[in-house]
Amino acid sequence: MKKAFWVVLAVALVALASCAPKVAVKEWEIPFLNALTGPIASIGEYLDWGAQQAAREINAAGGIKGKPVKIVGVDTALDPQLGSVKMAEIVKDSLVALGPVPENVIQAAMPIAVEAKMMSMTATTSYEYAAPYFPWTVSWFPPTEKRLGVLVAAWGKLHPEMKKVVQFVENYGPWPGMADAHVKGLSELGMTVEKVEVPTDAVTFGPLVVKALNLKPDGIVFVCNASKIGLMVKELKSRGWTEMGKLLVFSSGDAPELYSTGGKDIDGVVVYNYINPFVDNPRWNVFKEAFKKDHNGMDPFSLSPNYYDAVYMVKEAIEKTGVTGDPKKLAEERKKIADYCANVKGFKGLQFDWDMAAGIPTNKPTYLFEIKDGKKTLLQEVR
Amino acid sequence: MPLQLYYFLTNAAINVLMSWALYLPYRVAHLHFITVANMAISGYLAGYLVGTLHVPFGWALLAGVVVAALIGYVVSLFIGDAPTFAVVIVGFTFIYITRTVIENLKAVGGTLGMFGLPAIAATPAGHRWAVLGILFGLLALMGFLIHRFDHSRLGRAASAVFTDKDLASSLGVDARRLGMLVQTFSCTVAGVCGVMYAFIYRSLHVDFFTFHLVGIFMTVIFVGGYATQWGSLVMAPILYGVPLLFPAAVQAWRIVIYGAALILVLVLKPEGFFTRRFVVKLERTLSGSRRRRNTLTKEEL
């Protein structure tokens, strides 16, 4: 009787195993449309590094369903023409893709992914650039107006005596929209906000700073390129600005150039961002050290974790939805991945766990930092 | 039709047309970069008309072309016979002005751009065939018109102005009117490109129209040959298409390869690959002319 039980159990297990979908690929190849050359090549490298780091870890742990994952960098060099042809090539037979980067290539290439019903994760752009392509992408950030108003208001509450704030705004992609969200948040605190436009090709900032100071602001928000912010803070200090905590730098300004151009002059400045380098968990610590090792001791770029997480999200989608990589099931499996990612719950990101609802993150934290000795220190978590 | 081929063909056709838009004013030694700004203006105008006001595509195309031609004409009233350097400065300034205006116009999406322009046919495949048909029809039409211009009295007058403006004027050529004509014609071609560009991608971003385009079209003209329209026709698809065949590691050096090709051609073959002599010889070879292939008439030269 006992023997018969074990025979039946063994047969049942074999039958069960044969029912499980088999993986039809030797390797999970994920193309990543990225700006690997051209003016933002350094950012492209940081993003690529994040995706490659995830692939290295996944492969060291046995791959996805036992098969290795390979991230294939596809350079678009910021060129929409090149981006469109490359995306047209990718949608032929890829299961899922990463990118494109940046916004002008997203606009040229994402309609092709949408038409082919293939998910391409635009993990570094704002909600406004991702939303038109739902459900074939997800947004890594909540709607700008909703999130940033609250975040900037949290900074405003640290200095309730502020009545007038000047905002330096550079006209680039989503930045004016971010500036509008700041205005909304600060206006709700009863503050008035005046705008000083920063020309994209500006190289000297004295006149802009004088113009801002003539408005007699109590605080200043920077919505422009990181190196410009560093230089403008220097100008402000040289003209007698001392209340450094009343200077706020937006997330895209929190880049290495801010620290290299600002030097000691940016001490005390407040920065907001979506990642917290002081998180203490083993995965983040490994990531941070590996990034430093590969980048001459530099701390991870604030957007580097995004494509790291994107690769893990694809892994989870493949594993949890029974995706096999079978070319005959391409359309069906593309949809499975897109549906899973758009509504994933409790996704274990590099820094924190989060949920998605219809392609939008619902509970990601944001942070305010103060710069001390050229390094960020955590001031406040804002949810 | 494979998607890749569609995007290759449409992008190549746009590059040919835009290179012609630069080639035309260069016939009178004008580097007229205002064409890139006109491309953006027409693209955004057509996008707004079709996407927001629901104007049929045909009317939007016409509006884009007419507005581009008008801008070209009005500007040419001031720089129709200006020195090359002045024309270059006006062109660059116009690109800056246009970008700034677009960035500040909320109606066309400002810095965010325009998304989801409607298709011009009922199905995606129908849209692609319609775009290809219209684009290549316009390419053939513009090519024919430029060919007729090059082989007309006006074309010969343009060659004379290119060689020596003062001498041409003393022979009765009205350099200003000729400059106005080619500048307006070139802006019209750019208008066509702008509208079609918007409907190839069905979205628009101000960074679709950068100085990067000026570099590409200049390379096409000077490597292909600035003395005939054929250089642009052949070189635009080659310079755009060949790098797509390179391995990824080589592709990263594409701009260096473009630059090196441009320098080499300027040093070794200043007129580019498709010189007028080469084209006439080729025409004779293909038509089996009995005339000695190395002897060209003065008119042909």
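Quick note on labels: first sequence line is chain A, next is B, and so on, each numbered from 1.
Of all heavy-atom pairs spanning B:Gln4 and A:Val85, the tightest one is CG-O, 4.0 Å.
If you take CH2 on A:Trp175 and OG1 on B:Thr111, they are separated by 10.5 Å, rounding to the nearest 0.5 Å. Atom CG of A:Leu82 and atom CG of B:Asn11 lie 9.0 Å apart (nearest 0.5 Å). To the nearest 0.5 Å, atoms CG (A:Leu78) and OG1 (B:Thr210) are separated by 8.5 Å. A distance of 5.5 Å separates CG of B:Asn104 from CD of A:Glu197, quoted to the nearest 0.5 Å. In this structure, the separation between CZ on B:Phe115 and OH on A:Tyr133 is 5.0 Å, given to the nearest 0.5 Å. To the nearest 0.5 Å, atoms OG (A:Ser84) and CZ (B:Phe8) are separated by 11.5 Å.
Within residues 117-130 of chain B, the residues having any heavy atom under 4.5 Å from a heavy atom of chain A are, by residue number, B:Pro124, B:Arg128. For residues 91-103 of chain B, the interface with chain A (any heavy-atom pair closer than 4.5 Å) comprises B:Tyr96, B:Glu103, sorted by residue number. Within residues 188-204 of chain B, the residues having any heavy atom less than 4.5 Å from a heavy atom of chain A are, in residue-number order, B:Tyr197, B:Tyr201, B:Ser203, B:Leu204. For residues 47-55 of chain A, heavy-atom neighbours of chain B at less than 4.5 Å comprise no residues at all.
Counting heavy-atom pairs under 4.5 Å between each of A:Val114, A:Asp201, A:Val91, A:Val72 and chain B puts A:Asp201 at the top. Residue with the most contacts toward chain B among A:Pro174, A:Pro176, A:Gly173: A:Gly173 (heavy-atom pairs, distance under 4.5 Å).
In this structure, the portions of A:Glu128 lying under 4.5 Å from any heavy atom of chain B include both its backbone and its side chain. Contacts of A:Val74 with chain B are absent, with no heavy-atom separation under 4.5 Å from either backbone or side chain. At a 4.5 Å heavy-atom cutoff, the contact between A:Pro80 and chain B is made by backbone and side-chain atoms alike.
Looking only at atom types and distance, the side chain of A:Gln107 has no donor-acceptor partner in the side chain of B:Asp207 under 3.5 Å away.
Remark: A:Phe134 CZ is packed, more than 12 non-hydrogen atoms of other residues, nucleotides or ligands lying under 6.0 Å away.
For the pair B:Asn15/A:Gln81, a side-chain contact is recorded, criterion being any heavy-atom separation below 4.5 Å from C-beta on. For the pair B:Val206/A:Glu103, no side-chain contact is recorded, criterion being any heavy-atom separation below 4.5 Å from C-beta on.
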